[in-house]
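For reference, the structure discussed in these notes is given below.
Not measured: the values here are computed from a predicted model.
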Amino acid sequence: MNLHEKPLYALRDLATRLGVPSPTAHNKDKLIALIEYRKSQIENNEKTPDKSNMGRPRLNHCYIGIRTDDSGKLEFYDTEEPQVIIQKRPAAVKDEPTRKALMQVKDIVQSLYIALDKVLERE
């Protein structure tokens with residue numbers, strides 16, 4: 001797909017989905033370069049972008065879809081359906097003893113929640 005033939009708003013939408021920072025601050029050529037750079041980062045499993053809720057809400061349409069081929073490379077294609085990249089985040093707690101301790105804390109907090117709920121119902 002030739003990104004130079006796509007309208008600027010479609011490129012900005014694609015850049016947002018890929019995690020390019022400030023896609024509306026760049027002109028078309030710079031934005032395409034940033035998209036290609038971010039694409040190579042994703043393909044090489046490099047850093048993930050920081051997600052932000054800043055800016056206007058996104059529309060429920062897009063013009064450039066993203067899919068991964070068998071070799072793990074991203075490819076762009078024309079589409080009318082919304083696309084979202086879902087990236088798995090690494091586990092926050094990797095060692096098993098800490099995980100078990102946190103599960104115990106979770107159980108205690110759930111018990112306290114139930115107890116508080118019962119006390120408040122007695123009013």
Side-chain angles (χ1 to χ4, degrees):
M1 165 180 284
N2 186 358
L3 294 178
H4 290 281
E5 295 175 355
K6 296 297 176 186
L8 184 58
Y9 56 85
L11 293 173
R12 286 178 175 161
D13 179 65
L14 174 64
T16 301
R17 287 183 281 126
L18 289 176
V20 173
S22 304
T24 58
H26 305 290
N27 64 20
K28 191 172 188 175
D29 293 328
K30 176 72 175 173
L31 193 57
I32 291 172
L34 290 171
I35 288 170
E36 292 296 332
Y37 178 70
R38 181 66 193 125
K39 176 183 172 189
S40 68
Q41 283 183 323
I42 292 172
E43 290 172 347
N44 296 328
N45 293 321
E46 293 179 16
K47 66 177 185 174
T48 58
D50 295 330
K51 294 293 181 186
S52 172
N53 292 335
M54 301 279 293
R56 294 182 181 170
R58 299 201 31 227
L59 299 175
N60 289 332
H61 65 276
C62 63
Y63 302 93
I64 303 172
I66 305 169
R67 65 178 159 227
T68 307
D69 64 8
D70 295 333
S71 64
K73 300 291 182 188
L74 292 181
E75 54 184 42
F76 304 131
Y77 63 96
D78 292 324
T79 183
E80 293 295 325
E81 297 182 20
Q83 299 282 309
V84 177
I85 289 183
I86 300 173
Q87 295 180 344
K88 293 182 180 176
R89 299 176 82 185
V93 179
K94 295 181 181 178
D95 61 308
E96 197 58 34
T98 306
R99 218 169 176 54
K100 286 182 180 178
L102 287 173
M103 290 302 288
Q104 290 174 346
V105 170
K106 177 184 171 187
D107 292 340
I108 292 169
V109 170
Q110 284 179 336
S111 311
L112 288 173
Y113 173 78
I114 293 169
L116 287 171
D117 200 31
K118 294 292 180 184
V119 168
L120 291 173
E121 285 180 359
R122 292 184 194 172
E123 291 185 85

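With sequence neighbours excluded, no residue satisfies side-chain contact (heavy atoms from CB on, under 4.5 Å) with Pro21. Partners of Lys39 by salt bridge (charged side-chain N to carboxylate O under 4.0 Å, His left out), not counting sequence neighbours: none found. With sequence neighbours excluded, no residue forms a side-chain contact (heavy atoms from CB on, under 4.5 Å) with Asp70.
A distance of 8.0 Å separates CD of Glu43 from OG of Ser71, quoted to the nearest 0.5 Å. The distance from atom CZ of Arg38 to atom CG of Leu74, rounded to the nearest 0.5 Å, is 9.0 Å. With values rounded to the nearest 0.5 angstrom, Leu3 atom CG is found 6.0 Å from Leu11 atom CG. From Ile35, atom CD1 reaches atom CG of Leu18 across 6.5 Å, with rounding to the nearest 0.5 Å. Note that CG of Leu14 and CD1 of Ile32 are 10.0 Å apart. Values are rounded to the nearest 0.5 Å. Taken from NZ in Lys6 to CG in Leu31, the straight-line distance is 14.5 Å, to the nearest 0.5 Å.
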Solution key, residues 103-115 side-chain donor-acceptor pairs under 3.5 Å, sequence neighbours excluded:
from   : atom 1 : to     : atom 2 : distance (Å)
Ser111 : OG     : Asp107 : O      : 2.8

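Chaining together hydrophobic side chains whose heavy atoms lie under 4.5 Å apart places Val93 alongside Leu102.
Between Asp13 and Ile64 there is no side-chain heavy-atom pair separated by less than 4.5 Å.
Screening residues 25-37 for side-chain hydrogen bond (donor to acceptor under 3.5 Å, both in side chains), with sequence neighbours left out, gives Tyr37-Gln41.
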